[in-house]
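First the structure, in the form of structure tokens, and then the observations on it.
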There are 2 protein chains.
Amino acid sequence: MADVISPAKLAANPLFLRDEDLRQGIELLFYAYRDFTGEPDAILARLGLGRAHHRAIYFVGRHAGITVSELLAILKITKQSLSRVLSQLVREGYIQQRPGKRDRRQRLLELTDKGKELERQLTRTQRERIARAYRDAGAEAVAGYRKVLLGLIDETERRKILARLDGSKAG
Amino acid sequence: MADVISPAKLAANPLFLRDEDLRQGIELLFYAYRDFTGEPDAILARLGLGRAHHRAIYFVGRHAGITVSELLAILKITKQSLSRVLSQLVREGYIQQRPGKRDRRQRLLELTDKGKELERQLTRTQRERIARAYRDAGAEAVAGYRKVLLGLIDETERRKILARLDGSKAG
DNA sequence: GAAATTACGTCAGCCATATTGACCTATATC
DNA sequence: GATATAGGTCAATATGGCTGACGTAATTTC
């Protein structure tokens, strides 16, 4: 009963908001994410690393000098979880820490050359995959992709992320 | 050095294929997925279940009478991993199994009433989130979202998934 | 300048989810 | 009858989350 959509509700919704279409949207996200993470995972496995290391390396590479707490805010995991990953990456020479100038409690993170090399290797497959999808779909579709994904993000996060994305672009 | 894009390559690419834009596309996918899974996870945690249970419940709900091997092909995990999840869901009365008619080795899966109820509860938040994003972005953007996500999926999978999506729509 | 807060780290234990490899049963198929 | 397939199971292992408690150094506040 509860999954029967009332005629009124149905009429109020444009065609692309039917339950079927929403489910399709959910599933496409699942499938895309599933396949998107597959290739880097294989590379990481050979190095004794996991997807969590990839995420850390990616965002440190993206925002050189990022603080631990900023990274935590991006990843939305606990500091204990991040700590395990991060200390391994530091120990194995992928990431360097240096104390913050303004605030010496901070440990600013950046990739070493070894880290940059791995980052490139990991991101290459994903960048190629995205590039292919973008090219095949065309500029207009890309704009739509961005618009919808942005709309899926928590509202309170959206501004911050937009700033982050644009910030990287500028700097 | 290796991350410097050659002028030739740059010129050959339309604006939306610049490295920055590709990275933006990667990150949007990460953020959207991160926030997309947050709400159901909270519900599941209270029931002693995890994200893996959600996925199983979702796809069994979507394809009533699905076989175990079909479900494995969708989730792309090992049968041992699925088995743990599935047997818990059967034990706790969310999913029923019945032998296949044509092939009695098969165990066709379907949601019980309890399972359907949970499925609705879990999917509600995601459906609402997608609906909001779709509505805000508009029909054209939605088409682009679908196009790009489909392009991100492994090529060998794309046909199968399209058939699956359309099949659910028809039947 | 003492007290409180903040940034970060760490130890310990728990749980969910994935893996590989080996082995088993029942049913289909050649 | 032999072989293949659908599915399940036992065991061991790894990853990546979590909570809770505690510690240190630096900054901020009163």
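Throughout, protein chains are lettered first and strands after them, A, B, ... in sequence-line order, and every chain is numbered starting at 1. All heavy atoms count here, side chains included; hydrogens, waters and symmetry mates do not.
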task: Looking only at side-chain atoms of B:R104, point me to the closest of D:dG17, C:dT17, C:dA28.
output: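 When the side chain of B:R104 is considered, C:dA28 is the closest of D:dG17, C:dT17, C:dA28.
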- request: Name the closest nucleotide to the B:D103 side chain, picking from D:dC18, C:dT17, D:dA6.
  value: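 The nucleotide sitting nearest to the side chain is D:dA6.
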query: Would you say B:L22 and A:T123 make side-chain contact, with heavy atoms under 4.5 Å?
result: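 Contact flag for B:L22/A:T123 side chains = no.
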query: Is the shortest heavy-atom distance from the side chain of A:K101 to the side chain of A:L108 under 4.5 Å?
result: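 No. Closest side-chain heavy atoms not under 4.5 Å.
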message: At 4.0 Å (heavy atoms only), tell me whether B:Q88 reaches a base, stays on the sugar-phosphate, or touches nothing.
response: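 Nothing, no nucleic acid heavy atom in range.
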- request: Remember a base hit wins even if backbone is also touched, and classify A:R51 as base, sugar-phosphate or nothing at under 4.0 Å, heavy atoms.
  value: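 Sugar-phosphate contact only.
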message: Once you measure the plane-to-plane angle for B:F59 and B:H63, does it fall in the parallel (<30°), tilted (30-60°) or perpendicular (>60°) bin?
response: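 B:F59 vs B:H63 ring planes: parallel.
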Would you tell me if any nitrogen or oxygen in the side chain of [X] comes within less than 4.0 Å of OP1 or OP2 on [N]?
X: A:H53; N: D:dG16; value: yes
X: B:Q97; N: D:dG8; value: yes
X: A:S69; N: C:dA7; value: no
X: A:S81; N: D:dG16; value: no

Considering only nitrogen or oxygen atoms on both sides, find all protein atoms under 3.5 Å from nucleotides 9-14 of chain D and state each distance.
none

message: Consider salt bridge (charged side-chain N to carboxylate O under 4.0 Å, His left out). Of A:R127, A:R146, A:R164, A:R62, which one does B:E27 pass it with?
response: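 Only one option passes, and that is A:R62.
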message: Minimum heavy-atom separation for B:I66 and B:E70, please, with both atom names.
response: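 For B:I66 versus B:E70, the nearest heavy atoms are CG1-OE1, 3.3 Å.
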query: To the nearest angstrom, how far is A:L89 atom CG from C:dG9 atom P?
result: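 Going from A:L89 (CG) to C:dG9 (P), I get 12 Å.
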query: To the nearest angstrom, how far is B:I66 atom CD1 from D:dG7 atom P?
result: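 After rounding, the reported distance stands at 10 Å.
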Any N/O pairs under 3.5 Å between the protein and nucleotides 3-5 of chain D? List them or say none.
residue : atom : partner : partner atom : Å
D:dT5   : O2   : B:R105  : NH1          : 2.4

message: Are more than 12 heavy atoms, taken from residues, nucleotides or ligands other than A:Q80, located less than 6.0 Å from that residue's CD atom?
response: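 Correct, the count exceeds 12.
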Could you check whether [X] pairs with [Y] (Lys NZ or Arg NE/NH1/NH2 to Asp/Glu carboxylate O, under 4.0 Å)?
X: A:E92; Y: A:K114; result: no
X: A:R23; Y: A:E20; result: no
X: B:E157; Y: A:R34; result: yes

- request: Using heavy atoms to find the nearest nucleotide of DNA chain C for B:L49 and B:R102 separately, return the residue whose nucleotide is more 5′.
  value: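 Taking each residue's closest nucleotide, the earlier one in sequence belongs to B:L49.
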query: Quick one: on DNA chain D, does A:R84 or B:R107 contact a more 5' nucleotide (nearest heavy atom)?
result: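 Mapping each residue to its closest nucleotide by heavy atoms, the 5'-most match is B:R107.
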